[in-house]
Amino acid sequence: MPEGHTIHRAARLQRRRFAGARLSVDSPQGRFGSGADVLDGRVLEDVDALGKHLFYRWEDEVTLHVHLGLFGKFGIWSKGAPPPTEGTRMRWIGEPGVLHLAGPTACDLMEPHEEEAVRARLGPDPLAVRPGDPERFAAALRRRKIPVAQALLDQKVIAGIGNVYRAEFCFLAGIDPRRPADEVSADDADLLWRLAVAHLTVGERIGRIVTVDPAEAGVDRWRDVPRSDRLYAYKRDDRACRRCGDHIRRTELAKRRVWWCPTCQPD
DNA sequence: GCTGCATGATGAA
DNA sequence: TCATCCTGCAGCA
């Protein structure tokens with residue numbers, strides 16, 4: 001299940017494995033049938049990620065756009081791939097292995113102007129940093145009158161953050177998630193950006209979300225933090241805050257749950 | 001077997 | 001703000 005780190009990691013691993021290969025492409029489910037026909041037998045040249053979007057470059061300037069949404073999932077096998085299921089939207093078969101894609105929100109061929117429209121809707125991506133991005137993020141965030149945790153899910157404010165990271169970054173920054181974004185200080189906005197860059201980078205490397213510092217969990221490496229110790233706030237209703245012992249609270253903002261520590265994250 | 005839920009996003013009202 | 005779409009799985013009968 002995907003926030004930006006999952007997508008950038010998928011791009012990196014799929015590029016490494018499949019770029020340069022000629023692939024047989026089909027849609028066992030049928031819902032990507034005509035697109036699969038276009039890709040079938042072409043060489044995959046490169047894979048790009050921006051925010052939660054993937055762009056696959058195929059020979060002859062053909063671009064495939066994939067967005068996993070809430071449920072989308074890749075399966076990749078070197079050998080012994082299982083048969084596709086009802087949900088297998090797209091399948092690749094080639095010398096490097098087999099890939100299945102199930103449940104994506106988007107899996108479509110894209111013209112350059114359509115890709116441009118997608119990119120134009122996205123704010124700065126902490127895993128694809130460009131000059132001026134911290135300032136762009138701070139300005140976009142502090143312009144909004146909605147709760148800061150809600151603004152952090154707006155992909156135009158920052159691309160690639162999801163429900164887990166937003167709760168964790170508010171915790172680490174010591175900000176009540178309900179605080180209006182336009183009341184977040186410039187320093188705090190800068191801190192949120194730096195947290196996003198640092199933690200999504202870790203997540204991309206190790207393939208999971210860990211925000212609890214390894215030292216705090218008594219281990220040496222991010223990847224060694226035990227499952228139950230990886231997060232400070234997300235889904236920790238009524239558990240004791242790891243820092244202060246107060247009870248983690250839960251609320252809903254725009255139909256998404258968010259968790260916080262009332263002591264560590266004052267209003 | 002059914003229900004509800006999940007790291008997401010959109011378009012209509 | 002709401003309905004809708006995408007899939008799989010845990011928890012329950």
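Within every chain, numbering begins at 1; the chains are lettered A, B, ... in the order of the sequence lines, protein sequences first and strands thereafter.
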Which value, in whole Å, describes the distance between the C1' atoms of nucleotides dC9(C) and dA9(B)?
-> 22 Å
Between dC6(C) atom P and Glu86(A) atom CD, what is the distance in whole Å?
-> 13 Å
For atom C1', what is the distance between dG8(C) and dT10(B), given to the nearest Å?
-> 22 Å
Ile146(A) CD1 - dT1(C) C1' separation (whole Å) = 14 Å
Report the distance from atom CZ of Phe74(A) to atom P of dC6(C), rounded to the nearest whole Å.
-> 18 Å
Would Asp133(A) and Arg130(A) pass as an ion pair if we require N to O under 4.0 Å?
-> no
State whether Gln29(A) places a side-chain N or O below 4.0 Å from either non-bridging phosphate oxygen (OP1 or OP2) of dT7(C).
-> yes
Report whether Leu195(A) and Val212(A) are members of the same hydrophobic cluster (ILVMFWY, side-chain heavy atoms less than 4.5 Å apart, transitive linking).
-> yes
His100(A) and Trp92(A): aromatic ring centres closer than 6.0 Å?
-> no
Considering Watson-Crick and G-U wobble pairs with both distances under 3.5 Å, what does dG4(B) pair with?
-> dC9(C)
When the P atoms of dG4(B) and dA3(C) are considered, how many whole Å apart are they?
-> 15 Å
Any side-chain donor paired with an acceptor under 3.5 Å for Arg91(A) and Ser24(A)?
-> no
Once you round it to whole Å, what is the distance between C1' of dT1(C) and CD of Glu252(A)?
-> 13 Å
Would you call Glu252(A)-Arg256(A) a salt bridge at under 4.0 Å N-O?
-> no
Using a heavy-atom cut-off of under 4.0 Å over every strand shown, decide if Arg31(A) touches base, sugar-phosphate, or nothing.
-> sugar-phosphate
Do His65(A) and Tyr56(A) make the cut of ring centroids closer than 6.0 angstrom?
-> no
Interatomic distance, His100(A) NE2 vs dT7(C) C1' [rounded to whole Å] | 15 Å
How does each nucleotide of nucleotides 6-13 of chain B score, in 5' to 3' order, for protein heavy atoms under 4.0 Å: base (B), sugar-phosphate only (S), or none (-)?
-> BBBSS---
Taking NZ, NE, NH1 and NH2 as the nitrogens, is one of them in Asp60(A) or Arg42(A) under 4.0 Å from a carboxylate oxygen of the other?
-> yes
